[in-house]
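Data block below; observations after.
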Amino acid sequence: MRLFGLSGTLWALVLSYLAFALPFMAWLLLGFFQNLPRELEEAAYVDGATPFQVFFRVVLPLATPGLFAAGILGFLLSWNEFLFALLLSGRDTQTVPVALSTFVTQRGVLFAQVAAGVVLSVLPVALLARMVDRYLVEGLTLGAVK
């Protein structure tokens, strides 16, 4: 990142999280896409659909729960990640875990500030999970190996 002049920028974090989470999400989606019924795609081809139409009108709506599950798990993986953020972020681009680590001082741990920060950092994740919990459970169970 230093070679490209990205050290301490938001782009350094975005690229590192993308490289970190994308293989996991692709692996998760692979099992999900393999379990979709191929007969529905074949029926769409028989009805005269193009490959583009088959993907966007048949496969993508069926894959919505898996896409939500992979997206949420990728978000959680990036939200809680500490090492990349500690090494690549600057003062203006700190993530929540790195900011919480600043409450550990030479005089000790500022427990009240850490506790308040943890509660505030969990709220967005809890709200997001609550909004899409139906898709998350369905996506994780349908992509499982049978």
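The analysis underlying the following values was restricted to heavy atoms, covering all of them including side chains, and did not include hydrogens, waters or symmetry mates.
Panel note: side chain Thr102, backbone Val98; no donor-acceptor pair is recorded below 3.5 Å. Between the side chain of Glu42 and the backbone N or O of Tyr45, no donor-acceptor pair lies under 3.5 Å. No donor-acceptor distance shorter than 3.5 angstrom exists from the side chain of Gln34 to the backbone of Leu36, with no hydrogens or angles considered. With hydrogens and angles disregarded, a donor-acceptor distance shorter than 3.5 Å links the side chain of Thr64 to the backbone of Pro61. A donor-acceptor pair is defined here as one N or O able to donate and one able to accept, closer than 3.5 Å; no such pair exists between the side chain of Thr93 and the backbone of Ser89.
For the atom pair Phe68 CZ and Phe75 CZ, the distance stands at 14.0 Å (nearest 0.5 Å). Interatomic distance, CG of Leu62 versus CG of Leu67, reported as 11.0 Å (0.5 Å rounding). With rounding to the nearest 0.5 angstrom, the CG atom of Leu88 is 13.0 Å from the CD atom of Gln94. One distance of note links CZ of Arg57 with CG of Asp47; it measures 11.5 Å at 0.5 Å rounding. With rounding to the nearest 0.5 angstrom, the CZ atom of Phe24 is 6.5 Å from the CG atom of Leu77.
By the rule that hydrophobic residues join a cluster once side-chain heavy atoms approach within less than 4.5 Å of another member, Leu10 and Leu18 end up as members of separate clusters. Val14 and Phe20 fall within the same hydrophobic cluster, defined by Ile, Leu, Val, Met, Phe, Trp and Tyr side-chain heavy atoms under 4.5 Å apart, directly or through other members. No path of Ile, Leu, Val, Met, Phe, Trp and Tyr side chains, each step under 4.5 Å between heavy atoms, connects Val46 with Phe52, placing them in separate hydrophobic clusters. Cluster membership for Phe82 and Phe84, using ILVMFWY side-chain heavy atoms within less than 4.5 angstrom, is not shared. Grouping the Ile, Leu, Val, Met, Phe, Trp and Tyr side chains by contacts below 4.5 angstrom, directly or via other members, places Leu28 apart from Leu22.
When all heavy atoms of Ala21 and Ser78 are compared, the closest pair comes out as CB-OG, 4.3 Å. Looking at every heavy atom in both residues, Pro97 comes nearest to Trp79 through CG-O, 3.6 Å.
Checked against side-chain contact (heavy atoms from CB on, under 4.5 Å), Ala49 has the following partners two or more places apart in sequence or in another chain: Ala44, Gln53, Val54. Take Leu6 and apply the side-chain contact (heavy atoms from CB on, under 4.5 Å) test, not counting sequence neighbours, and it matches Met1, Phe4, Thr9, Trp11, Ala12, Leu15.
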Under 3.5 Å, side-chain donor or acceptor atoms of residues 107-128 against the rest of the protein: list the pairs with distances, not counting sequence neighbours.
unit_1 : atom_1 : unit_2 : atom_2 : d
Ser121 : OG     : Gly117 : O      : 3.3
Ser121 : OG     : Val118 : O      : 2.9

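Between Tyr17 and Thr95 the shortest side-chain heavy-atom distance falls below 4.5 Å. Side-chain atoms of Phe33 and Val59, non-hydrogen and from C-beta on, do get closer than 4.5 Å to each other. Put simply, the side chain of Leu87 reaches to within 4.5 Å of the side chain of Leu83, judged on heavy atoms.
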